[in-house]
Amino acid sequence: MNTKQHTHICFLILHYIDVQLTSKTIESIKELNHFDSSQIVVVDNASPNGSGEFLKQRYKDVKEIHVILSEKNNGFSAGNNIGFQYIKNKFVSDFVIAINNDIIFPQKDFIDKLNVLYNEEPFWVAGPDIYEPHRDYHSSPMYEHLLSTQGARRVMVEIKRERKALEKFFSLYGLKLYIRDSFRGDKKVRLLIKLNRLIRGQKRKYREKNEGIVLQGACLIFDKRYCEKNSKLFLPFTFMYGEEILLTLQCAKNNWEIRYFPDLLVWHFSRGSSQGKKVSYREYCKKMVIELERRQKAYEIYIEQLQKNAECTLLL
């Protein structure tokens, strides 16, 4: 590993529609200590508003920032894989950090902390504490261990329950989500969400360092070995959602260490990249149903992969 002053990191951002959001993420990265040895690769997932071209022109004279324009919306896995191929062809990196375009790095010494943690406990894949300010919520790790077939099916039952509620003309569950996501900037709504979180408590063990867990995919750190071993960053089985559980399965089958580090922190303004603009309650519910259908399909794929020969490897 290079000294922390010369750690080469490629930050991979998947952009969609929201220029302001992506720009804030880029500027947050640029302000990190020792960023001078790093690169930022932005993949525009065929944003219909032309924002990818706008970003390309905005940063055309910044040598550390590279904007790739995709001709179609490839979703999460394939979109990130496009950027990963660019990175592999252009750079030699100690780490590739794949992030959503709604991530902020509040720790200026994030790179220094990452180096210390890696030298103490090397990993193939790692993730930080992902905090969602508008919900006062820590979303990583998703699960404390690799899901069994039964565990995945239990999650699918919950997904079907949510779909059923959102498919109704009106439901209190749907209204709660709609208010949460549509009025996140309202101080009263944020206060109510935080009070509700305080009463319910935080279920995820986000304060505990752990390994072999399922990380949340808004920010994932891949080491040099992973990048050299694989031609793709993510298994290209899903369009969106479920990438984390497939990644954990891949690591488990290949005996690659996957770790969660609570000492690393990012802020996630969740749903920023998928919302784009405010919509009506019914439009919101329809979009949520589509997302839940994709989640369900991802868990079906996961079960299929889980039930295959346990000795087979999943190399990309």
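Everything numeric in this text was worked out from a predicted model, so none of it was measured.
Ring centers of Phe183 and His134: at least 6.0 Å apart, outside the cut-off. Taking the centre of each ring, Tyr118 and Phe123 come in below the 6.0 Å mark.
Judged by a 6.0 Å distance limit and a 45° cone about the ring axis, Arg161 is positioned over the six-membered ring of Tyr173. Judged by the 6.0 Å distance and 45° axis criteria, Arg295 is positioned over the aromatic ring of Tyr241.
Listed here is the closest heavy atom pair of Arg259 and Pro122: NE-O, 2.9 Å. When all heavy atoms are compared, the tightest approach of Phe76 to Gly217 is CZ-O, 3.8 Å. Arg225 and Asp223 make their closest contact through NE-OD2, 2.8 Å (heavy atoms, listed as atom of the first residue, atom of the second, distance).
Side chains of His138 and Asp129: a donor-acceptor N/O pair is present below 3.5 angstrom, by distance only. Side-chain contact of Tyr131 with Asp136: a donor-acceptor pair under 3.5 Å is present, judged by distance alone. Remark: the Asn45 side chain and the Ser70 side chain contain no N/O donor-acceptor pair separated by less than 3.5 Å. Side-chain contact annotation: Ser38 with His8, donor-acceptor N/O pair under 3.5 Å absent. Between the side chains of Ser148 and Arg153, no donor N or O sits under 3.5 Å from an acceptor N or O.
Checked against Ile9 for a side-chain contact (heavy atoms from CB on, under 4.5 Å), the options Leu32, Ile221, Ile111 give a single hit: Ile111. When each of Phe84, Phe11, Phe234 is tested with Phe222 by the rule ring-ring contact (aromatic ring centres under 6.0 Å, His included), just one qualifies, namely Phe234. The only option from Lys297, Lys287, Arg163, Lys164 that meets the side-chain contact (heavy atoms from CB on, under 4.5 Å) definition with Leu292 turns out to be Arg163.
A donor-acceptor contact shorter than 3.5 Å links the side chain of Ser47 to the backbone of Ile17. The main-chain N or O of Trp256 is never found under 3.5 Å from a side-chain atom of Asn254 such that the two would form a donor-acceptor pair. Listed for the Glu211 side chain is no donor-acceptor partner under 3.5 Å among the backbone atoms of Ile258. Looking at Asn49, its side chain does come within 3.5 Å of a backbone N or O of Ser51 through a donor-acceptor pair. A distance-only check finds no donor-acceptor pair linking the side chain of Tyr206 to the backbone of Pro128 [under 3.5 Å]. A donor-acceptor pair under 3.5 Å is absent between the side-chain atoms of Ser28 and the main chain of Lys24, judged by distance alone. At distances below 3.5 Å, not a single donor-acceptor pair connects side-chain atoms of Ser77 with backbone N or O atoms of Pro236.
Salt bridge absent: Glu283 and Lys286 never bring a charged side-chain N and a carboxylate O closer than 4.0 Å. In this structure, Glu64 does not pair ionically with Lys30, as no charged nitrogen and carboxylate oxygen lie closer than 4.0 Å.
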> Are Lys88 and Glu228 close enough, and set up right, to give a salt bridge (charged side-chain N to carboxylate O under 4.0 Å, His left out), and what steps lead you there?
Replying inline: CA-CA 8 Å; Lys88 283 180 70 75; Glu228 290 175 345; over 6 Å; no
>> Under the criterion side chain to side chain donor-acceptor pair (under 3.5 Å), I'd like the reasoning laid out for Asp94 against Thr7: C-alpha separation, chi angles, the key distance, then a yes or no.
In response: CA-CA 6 Å; Asp94 296 308; Thr7 301; 4.8 Å; no
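At a threshold of 4.5 Å between non-hydrogen side-chain atoms, the residues Ile213 and Tyr143 do not count as touching.
The neighbour count for Lys160 NZ, taken as heavy atoms of other residues, nucleotides or ligands under 6.0 Å away, does not exceed 12.
Connection of Met288 to Ile290 is not established within any shared hydrophobic cluster, with ILVMFWY side chains joined at heavy-atom distances below 4.5 Å, either directly or through further cluster members.
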